[in-house]
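Here's the structure, in structure tokens; my notes come after.
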Amino acid sequence: MTAVCGGGITSDKLARQLARQLEVSYRLVKRGEVTRSSMVDMDSKNWVRVNSKVPASAIRVEHQSIIAEALHGDDFSRVDNTDKDPIVINMGVDSSTGARLYDLHHRREMLYSTDAEILHELTGHNPTNPNNPNPPHPAWAAVVEATKTEKRPGGIKGSTKCRGTSRRRNAAGIAEGIVVGSDVVLRMHPDERRLNPEDEYFVGSVVEPAMKLDAPACYGTNSFYKNDWIVKIRWYELSSIEQNGDRMYKRGNMQFLNVKMVVQNLTRQIKLDHKGRGKYCLAKNLDDHIVQYGDINI
């Protein structure tokens, strides 16, 4: 779809016409338009693409860049087939030419679900039989060597946590960042997306603080397990899409959801503007930001 768009879609009317001709959803055309503009239009803005294995945001100190590169490799992650749109990585400014440097990276899906599992794989620790360790990952020797100091001659033995990886935050961390009264973007299950072809995500407003369940519970039609973190939100229901791309919503029912449904990796604040008469507007530039950068797939 990105190749078909060709950078020639100058209005929403053309986008809808192309969607009808190709028999695809309007949202798919818009995603192709956003990706195309990120990939091509940068040349005219003095942006220069460079090749890198790891996003620049992942590189803080040497041992963290080693771990980040390992986590982006096939031993720890794979290409996320549910969301293949590339992510634009801003890599700063070239000091000699003044050009903005960037690269395109594809989302990766982690093969391990916890930091402990990653640490065991890196270090070779065998939790089921500590006396019979596994061979450490080749990257771990480089990490140990890079962290040797006069006061720590044996190198690091700590956490695998590293900025810039494509892993999602744990539930407690997500719950801590949820603020009552704020608007949030919520992930959609693939089945829900088929029922709502105009939507790539849901939007809601936080009604009550997130809470941790001490026992299994059922709220409405949703069942939750012990230790789940849940939050009460009020849905925004899509009512129309304006010609300029702004999305108009009305307030809907309230529901408890697992906090892991809340999208976390957006860099811009999501806020719907009240337009009166029960209408709320999500601006087109925010919609484009969500579609391009949001981790909106379950």
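Model, not experiment: these values are computed from the prediction.
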Under 4.5 Å between any side-chain heavy atoms of [X] and [Y], yes or no?
| X | Y | result |
| --- | --- | --- |
| L186 | V263 | no |
| L119 | H125 | no |
| W229 | I174 | no |
| V203 | L272 | yes |
| V179 | V206 | no |
| N244 | K284 | no |
| I241 | M248 | no |

Any donor-acceptor pair under 3.5 Å from D246 side chain to A283 backbone:
no

Distance-only, no hydrogens or angles: does the S77 side chain make a donor-acceptor pair with backbone N or O of L71 under 3.5 Å?
yes

With [X], which residues qualify under side chain to side chain donor-acceptor pair (under 3.5 Å), at least two apart?
| X | result |
| --- | --- |
| D74 | R108 |
| N222 | none |
| D214 | none |
| E117 | S113 |

For [X], which residues count as a side chain to side chain contact (heavy atoms under 4.5 Å, CB included) partner, sequence neighbours excluded?
| X | answer |
| --- | --- |
| R268 | N285, L286, H289 |
| N134 | N126 |
| E237 | K250 |
| M254 | V207, K232, R234 |

Shortest non-hydrogen separation from [X] to [Y] and the atoms involved:
| X | Y | value |
| --- | --- | --- |
| S205 | G181 | OG-O, 4.1 Å |
| V231 | E208 | CG2-O, 3.5 Å |
| I230 | L213 | CD1-CD2, 3.8 Å |

Taking R247 first and then D199, would you say they form a salt bridge - that is, a charged N and a carboxylate O separated by under 4.0 Å?
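Here R247 pairs with D199 in a salt bridge, since their nearest N and O are under 4.0 Å apart.
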
Hydrophobic cluster membership, F224 vs V259, 4.5 Å side-chain cutoff
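No.
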
I'd like to know if M261 and I178 are part of one continuous hydrophobic network [Ile/Leu/Val/Met/Phe/Trp/Tyr, side-chain heavy atoms within less than 4.5 Å].
yes

What pairs meet the salt bridge (Lys or Arg N to Asp or Glu O under 4.0 Å) rule with one or both residues in residues 132-146, with sequence neighbours excluded?
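Qualifying pairs: E145-K148.
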
Give me the one residue out of L266, L282, V262 that meets side chain to side chain contact (heavy atoms under 4.5 Å, CB included) with V185.
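Per the side chain to side chain contact (heavy atoms under 4.5 Å, CB included) rule, the option paired with V185 is L266, out of L266, L282, V262.
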
To the closest 0.5 Å, what do you measure between CD (Q269) and OG (S182)?
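So the CD of Q269 and the OG of S182 are separated by 8.0 Å.
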
Which distance, rounded to the nearest 0.5 Å, do you find between the NZ of K260 and the CG of D228?
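Spacing of NZ (K260) from CG (D228) equals 7.5 Å.
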
Within the 3.5 Å criterion, strictly below it, is a donor on N129 or N131 matched to an acceptor on the partner's side chain?
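N131 and N129 do not have a side-chain donor-acceptor pair below 3.5 Å.
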
Answer yes if the side chains of D287 and Y201 hold a donor-acceptor pair under 3.5 Å, and no otherwise.
yes

By ring-ring contact (aromatic ring centres under 6.0 Å, His included) - contacts of W235 (at least two apart):
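Scan of W235 (ring-ring contact (aromatic ring centres under 6.0 Å, His included), adjacent residues dropped) gives F202.
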
Quick one: which residue pairs count as a ring pair (Phe, Tyr, Trp, His ring centres under 6.0 Å) with a foot in residues 245-275, not counting sequence neighbours?
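Non-adjacent pairs meeting ring pair (Phe, Tyr, Trp, His ring centres under 6.0 Å): Y219-F256, H274-Y280.
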
R251: what forms a salt bridge (charged side-chain N to carboxylate O under 4.0 Å, His left out) with it, not counting sequence neighbours?
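If we apply the salt bridge (charged side-chain N to carboxylate O under 4.0 Å, His left out) test to R251, skipping adjacent residues, there are no hits.
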
